[in-house]
Every structure is written in C-alpha cells, then in structure tokens.
Amino acid sequence: MSRYDPSAIEPKWQAAWEDQQTFRAVRSEDKPKYYVLEMFPYPSGRIHIGHVRNYTMGDVIARYKLATGHNVLHPMGFDAFGMPAENAAMASGGHPKDWTYSNIDTMVSQMKPLGFGLDWSRMFATCDPEYYGQQQALFLDFLEAGLVYRKNAVVNWDPVDMTVLANEQVIDGKGWRSGAEVERRELTQWFFKISDMSEELLDALDGLDDWPAKVKLMQANWIGKSRGLQFAFSTIDAPEGHDRIEVYTTRPDTLMGASFVGISPDHPLARHLEQDNPDLAAFNADCRKGGTTEEALEKAEKRGFDTGLRVRHPFDTAWELPVYVANFILMDYGTGAIFGCPAHDPRDLEFARKYDLPVVSTFASSEDEGHTLPEDGGPAYVPPKTETVIYVRGFAGETEQTGAAAIDAAIDFCEQNGVGHGVTKFRLRDWGLSRQRYWGCPIPVVHCDACGVVPEKKENLPIALPYDEDGTAIDFSVPGNPLDRHPTWRDCACPTCGQPATRETDTMDTFVDSSWYFARFTAPRADTPTNLDDAAYWMNVDQYIGGIEHAILHLLYSRFFARAMHVTGHLPEKCKEPFNALFTQGMVTHAIYQTKGADGRPVYHYPEDVDLRDGKGFLKDGTEVQIIPSAKMSKSKNNVVDPVAIIQQYGADTARWFVLSDSPPERDVEWTASGAEAAAKHLGRVYRIAAEVAGAEEAPTAEDDALLREMHKAIHDVTGGIESFGFNASIAKLYGFTNTLAKSKAGSDAKRQAAKALAQLMSPMTPHLAEEIWALLGGEGLVAKAPWPVAEEAMLVEDTITLPVQVNGKRRDEISVPKDMDKAEVEKLALATDGVTRALDGASPRKVIVVPGRIVNVVA
RNA sequence: GCGGGCGUGAUGGAAUGGUAGACAUAUCAGACUUAAAAUCUGAAGGGGAUUUCCCCGUGUGGGUUCGAGUCCCACCGCCCGCACCA
C-alpha cells in the first residue's frame, strides 16, 4: 500500500483544478451566486502563517458553497501602495515599484501551493495604473458630486528632515529618524465628506445582522452621535470680536456646577490673546508640540493657562467664571470650547484640583451608600445616563430623574429662556486623504494660476507615477516627497485654459485603495471603475473575513465608499452596505524562546534551535530557555513560522488543517511543532483508512446501521460547524468520526459510503487529500464539484436518551428513558434513583424540575 | 486617557442558562518489535475515601436563578483600535 505523500498528490490536484477551471467565477442565472472575500494582503515580502489561516477560512467557505451549488466568486489581490515600499527604497536603495512587484511575485508563488480555490484571473494590485487610474476617475466623480473638498488640517512636521510624518513615525513626540521634537503644521488638504453620512452610517448598522455585535458597537461609538446644548458665555472686557464664547455640552443638566470655561490653544480667542501675552504664546506653542494622535493628547498631563479673562454664567450675570486655555480641548470637536463641571467629569476634576477651582455637585446618587462627594475629595460622579439620580442643583425637570430626562429638560428650558439651542453632533470627522508621499495614487488635480484648482480630464487618466527623473531612477534616500522635487512630472497644461500649470503632488491615503477593491473584483478589467451588470450580479460580498484591527477605519471607509459610488452611479442601490456578513478572525501566535545575554538584554532563539522536553526548552548546549507562550509573531522576536517551510515538511493540507483545528477562528491560535506533527499524522491515518476501505470486500454486518448513523451525525455536525464558523468544532467531529470509522466492524459497502462522506466533509479543509481518497474510493469527478452530502433527519434521532439527575444543582445520578416519556413518569424514575435517595437522606423533595430531553433537577 | 474584546486542566481548547474539561497536544501504562521509530489499545482536573462515594474547581469578589463557564455589578490581568501603519 502506498503512503500518504502530499508532495506528490498536492501538485497533481492543483493541476487538475487549473485544467478544469474549477474555481473560475462565471456568471450564470441558473445558480445562486456567492461572493467570499478575505481582506487582501499588503505585499510585505513573504506570506505569513496568519495569511494561511485567513485565506484557509475563506477557502473553506468558498469550497463549501461551490459544493452546495453556488456560483462562487473568491478573488485575490494586493493592497500594494504604502510606506514600507518607500522605507525599503530609503534603507537599501532600489525603487518602491520594483520592490512591490517582486514581493507580489514571491507571495503569489508561495500562495499557489496552498491550493486555495481562488479565481486568479481576477488578480490585481492597487499600484497597477489600470486600478489607480479608475480610482482617479472615482475621485473626479466624487469631486463633481460634492463629496470631496479642500480645507486646512494639521500634520506632524519633522523640522529636521523637513517632512511630514505619519503617526506611526512619531515616537514619544519625536521623529523616528531625526529624533527631533515633532511640530504641528497646517497644510491645505483634500477631504472626503464622510461626516455628511454620519447619521446614515450609524442607522444602517442596525441592518447588518451578520456582523459581530462588537464591531457594530465600535463603529457606533466611533461615529459618536450626541445630543447636547450649544450656547454662549458673554465675556467681560474681552478683545473686540470676542464678546461671546460658544460652547457645546452633552451635559447641560450640570450647568449649575460650572466652574470654569476652557478653550483650545487653537481657539481664535487663544490665538488673539497670545499676540500680546508672551507667556500664553509660549504655553500655546508648547501645547502645539508633540504628536497629533488622540491617544497622545488624552494621556498628556492636563495643563491650563489662566487668561485672566472672565465670563458671566448664562443663568446669573453676577456669577463669573475664569477662562483657561487647556491642552486637552480639541479645536475640531464641538466649538473648541467647553464649560468645566468638575463634579461630573473626571478630566475636569483633575484640572480643577490642579488649579484650585470650585467643585460643585449638581446631582447625587439616589442610593444612600455613603459615597464621598467630589467636593469632599471623592471621585467625579458620572453614572450612566439611564440611572435615576437626585438633582441638588437642578433647574429643569423633576428633582429625581434620569440623566437622559434631565438633559432633555435642560435643553427645553434653555431654548425657552433664550440660552442656546439643542444640537445633534457627531464625533466622526471628515476623512483627510492627502498624503505627502510618492508611493500612492496621485490625486488627479491641477493647480493653475488663472483657474485655481482644476480637476484633470478623464481622458488624461491614469495620471501615472513617474519611475525616473531625468532618465535616472528617483533617489529615495532624500527625505520628503520625490514628486515635489521631480524636474518635469509636475508640469502640465491646465485642463480648463490650456496654460502651463502644475500637478498636485499629494497622493491618496492607502485606505482609499482598499475602500473599493471588493467592487473592482466583480469586473477587474473594465475600462470604468465598475461594470454595473457585473456589480449587480456579484455584489454584495456575502462573507467578508479579516482582522478585528480593521473593525473601525477600513470597514467604515468602505461603507462610505459604497454609498459614494452609488451616488456617482458606480454601484447599484443594493450595494450601499457592501458586506452582508463579516467575520473577524484571530492571529496565529507562537511561543518566544529567550535567554539573557551578557548585557542583560533578552536574546531570542529560533524554534528550530530549541529542544522541547517535559514542557521546558533547551538549546543545543543544554542551556534552558525561557518560554513565553502565545506571542504575536514578530521577526525581531525570532518566533515567525514560515509557511513555505511547513508546506515542504508536511504539505499544504497539514498546514491548512492545523491552523483551523486548535482554536475557534475568532480567537488567536498558537502554532506548535507538535500540533503540526499531529495534524500530519492524522491526515496520514485518514489516507491509510481510506486505502484499506477501498480495497476491502466484506459482507454487510449488523454494525452497518450504527456506522451510517454516525456518518449522518458527522454530516450534520460538520456542516453546522462550517455554516457557523466553528471550524475547530467541525474538525473535532471529523477526528471523532475517523475514529469511529477506523474501529467499525461494518461491511465494506457501508464503510466505503462513510469514507466517501469523510472525503467530502474534509474537502474544504484538506482539499488535496480529499480529492485523492475520493478518487481512491471510486468517487465520480472532482470532490470539489461533488454535491455536498445531506444528513437524513431520521438517522439523527436516538430512541433512548440519558438524562442527568441533579439534586440542588449537583449531579447525583442519571436515568435512561425513551425520548418522549412524559414528565410525571420521568420525575418518578428520577426520584427513585440511588443517587437521589442518598442525597435527599430521608428528606422529601420540595420541587422537581424536568427539562424534557435535557435534565432533571430535584430541589430539596 | 477613551472605546471594544478576552480570561476554563500541564497546554490549545469544548460546552442553545442544564452531566464542566468534547477533540487534540504533552505525559504515563500496555500491545507489536531483538531494539527504536511508526502503528494500535488504554489511563489521566485537584484533594480525600479506596471498585460503585464525598469535597473543591472555569482570573478575583459579589448578585440573579431550581440550576451560572455562560446573565448582571465591581475589581485584576492581557489583547485590539484611537482617524497619516497596513
């Protein structure tokens, strides 16, 4: 008998799929369509075991849907623009384009041996001019539709390298290469008007039934709808034009607890006052240093500067409040000014204590639990708005009411008394897409002295990136954007007046590239961004799979893009929510093996250099290593597993089986050598069993029925596992069913039937092995195309069931009863058991709960 | 700092509010073998009693329930995101 040899069978079946175009997506009306998509990879260089897991999950779905009679679209491409290509060119010469395409070639050649059922004919990279040219066309249509505009926005500026830095390149407020303290600089940039769709993007989350609740919640919080009061404090002796300070608050019910007014360092009043106040100017300048991330701002120590200016409280003109400039107030949320209520906001409380400002509670807990009030040194009191509290300094509504009711009452009161008006605000900001970098999609506009900012003509698209300058390769070792200093690329004719003009040198955020690729896959060679017929047929993506790290930005931007593409006629109405179902998968992790070097720093060791014995690890020289389990794979920690090596050692099916087997798909899975070994052994066993069954000639036996019942259970459970993304549970069932088959004394016909079902059930996970044993067992055609087996209901039900019997929730015995025995009968049997008699110890039961088919609980 | 999630044997994990630990790894024992590998069979949460039993046990502390790993509250730890990383 031949042995299981993946290196022989895997290429054979891959060639068969290729020959028969098994996974080519073809439109036809006779079958339902199914579009499954995994988030496409960045071409970083080599594929990672995490990619293997991600694409294997999608492949299981794709192959399962093919077998259940769907036209399946399962494409692959590359998210190919971005900083790493420029960094590589900067670090080791070469050109981002060459680096990127060479990486793509490598990764494709590494992915093909994994046997994914992909339609490779649809592949593209976002750095292909054919793709980004269509993206430029989309941009022009969005511009015409009023979905894009220009405004000033701040960027991180490295004053030494004279270049804009990404947030990632700012480390502890300093530039990553120069080490210089980062400054903020204003530039005119392009923005997508995503905020116009805030309400719609929020409301539509409700309809996404097959998205994880946590992702919808994160998006809802990110969009951040709030209802509040906008009103003004009148200033006392303020500079001209600043007699009012507009503030926005979501807690107008706490107005009587106001203790100060805070304005952003970028507020017009702060900018005015700093002109003749050098101390304030220095304070503001200091606030404008450091990174621009929300995290950096929130974590920074709360600092303020007393302007000396005072304002009057809107309810009491005799009540004056100081005006501080404070570093934690953002100019681009609300009005750039707040009123501080320290009793009910932890941040305001920290600030008030630091600057010795009054703390006044406006409401208190309705439960008398002896809370320390904030004015007595306790924490800020911020109960959920749904909780009923007692207003000690209320001015509208009831004394005892929920925060939400108090807010509504406060807004009504203020509106009636001419103090401001209720407004709805969103946290979501417009999406700035300009990047001052080379390796991205050029923004197709022209700057003309006479005509201003002019869109490029569509017939001139794509506006392609220049490869050379003056016939020599662009020099990336110089910081800054090479497009800016390119000798000729900027020169062009104004599309409107024809006079000499210059191109925009900013390129687009790479999130733009990934916000519509799923639509492009439906017609990847169309000479318009999409083909409406193809989009109408293939869209939406029925199942989208990717990492939780994309829960907010990528998914929100894609949802915006789908709407914008509908508005501009590039997608049908039904595509406004482009992803019907979303699944967020976990990472593949690996232990880290480390020892301490002579300098006390950790030294990391490759897994192949470590021997594992009794749960401990040793180097070749006997030194014990410290094992850190389940760490994110990282090149610098030497704990990266290379899929190529795994395929060479065990074959693709083993890699695919293992990444699905050990953990639920949404959780991280730890790659272990022993786990991979075990997967390989199991597949070898399946092969042996199938080969044995294929050659057997035995008469039917009394055990045929039992085996076939197990087969139907396996069909039912494995199918259920695949449908619900419980791949690990499906695999556990397949282990169990394989054991049953191996031990079965059934006749050869029943065994062959069971083995063929096993081949089919395994085919989405281990497609090559499944094809091989399917052929061995005399299966017709490719198992990939064979109709998925269906479990017979009648074979799934047992006549007799075992019920556990509990006393006070603790299991004491069990009874075996016919499945439809009535409750009274079950109760009688349960009470008669030894375990119950013993546990009751003469006492009489107070109550007996019988859950049919489940459990019996005796309450003593 | 803010938003979201996770926490179960030595290990990865299973468990529509209903027998906690399926399945697998590692471990131990046995079969086959001159031996090893491979393969096959079996044991196994902790503690006590010793064949059939009892107690404890799902990060910690409370709560709801006939019944909680699962639901609620608080805390601890870890992970993801925070708008120019992809």
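Convention: sequence-line order gives letters A, B, ...; per-chain numbering from 1.
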Output yes when at least one side-chain N/O atom of [X] is less than 4.0 Å from OP1 or OP2 of [N], else no.
X	N	result
A/N167	B/A83	yes
A/N739	B/A24	yes
A/T510	B/A86	yes

Requested in this report: Please confirm whether A/Y42 and A/F78 have ring centers closer than 6.0 angstrom.
Outcome: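 No, ring centres 6.0 Å or more apart.
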Length of the [atom1]-[atom2] vector between [X] and [N], whole Å:
X	N	atom1	atom2	value
A/K681	B/U25	NZ	P	8 Å
A/F727	B/A22	CZ	C1'	19 Å
A/F511	B/A83	CZ	P	10 Å
A/H550	B/C82	NE2	P	10 Å
A/K193	B/A83	NZ	P	23 Å
A/E168	B/G81	CD	P	11 Å

Query raised in the report: Between A/T505 and A/D484, does any side-chain donor sit less than 3.5 Å from a side-chain acceptor?
Result: yes
With heavy atoms under 4.0 Å as the rule, sort [X] into base, sugar-phosphate or nothing.
X	result
A/P664	sugar-phosphate
A/N728	sugar-phosphate
A/R685	sugar-phosphate
A/L428	base
A/L217	sugar-phosphate
A/G224	nothing
A/A551	nothing

Under the 3.5 Å rule, do the base of [N] and the side chain of [X] count as making a donor-acceptor pair?
X	N	result
A/N857	B/C66	yes
A/E549	B/C79	no
A/E294	B/C82	no
A/Q436	B/C84	yes

Requested in this report: Sort out the partner of B/A35 for me: Watson-Crick or G-U wobble, both distances under 3.5 Å, none otherwise.
Outcome: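 Paired with no nucleotide.
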Report summary line: Checking N1-N3 plus N6-O4 or O6-N4 for Watson-Crick, or N1-O2 and O6-N3 for wobble, each under 3.5 Å, the partner of B/G3 is B/C80
Query - Test: A/E827 and A/K823 ion pair at under 4.0 Å - result: no
Non-neighbouring partners of [X] that pass side-chain contact (heavy atoms from CB on, under 4.5 Å), sequence neighbours left out:
X	value
A/E298	A/E294, A/R347
A/T802	A/E814, A/S816
A/P379	none

Requested in this report: State the syn/anti category of B/G61 according to its glycosidic angle, syn meaning within 90° of 0.
Outcome: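 Here B/G61 takes the anti form, which means its glycosidic angle is more than 90° from 0.
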Query raised in the report: Closer to the 5' end of RNA chain B via nearest nucleotide, is it A/S434 or A/M218?
Result: A/M218
Query - Nearest-nucleotide comparison on RNA chain B, the residue closer to the 5′ end among A/S661 and A/R427 - result: A/S661
Query raised in the report: With sequence neighbours left out, what residues match A/Y557 under ring pair (Phe, Tyr, Trp, His ring centres under 6.0 Å)?
Result: A/W431, A/F511
Between [options], spot the one nearest the side chain of [X], thanks.
X	options	result
A/Q806	B/A86, B/U19, B/C84	B/U19
A/V164	B/U19, B/C80, B/C84	B/C84
A/K299	B/C66, B/A83, B/G1	B/G1

Report task. Determine, for nucleotides 52-62 of chain B in 5'-to-3' order, which nucleotides have protein heavy atoms under 4.0 Å from the base (write B), from only the sugar-phosphate (write S), or from neither (write -). Result -> -SSSS------
Query raised in the report: What pairs meet the salt bridge (charged side-chain N to carboxylate O under 4.0 Å, His left out) rule with one or both residues in residues 724-740 of chain A, with sequence neighbours excluded?
Result: A/D717-A/K733
Query raised in the report: Do the ring planes of A/H682 and A/Y735 sit parallel (below 30°), tilted (30 to 60°) or perpendicular (above 60°)?
Result: tilted
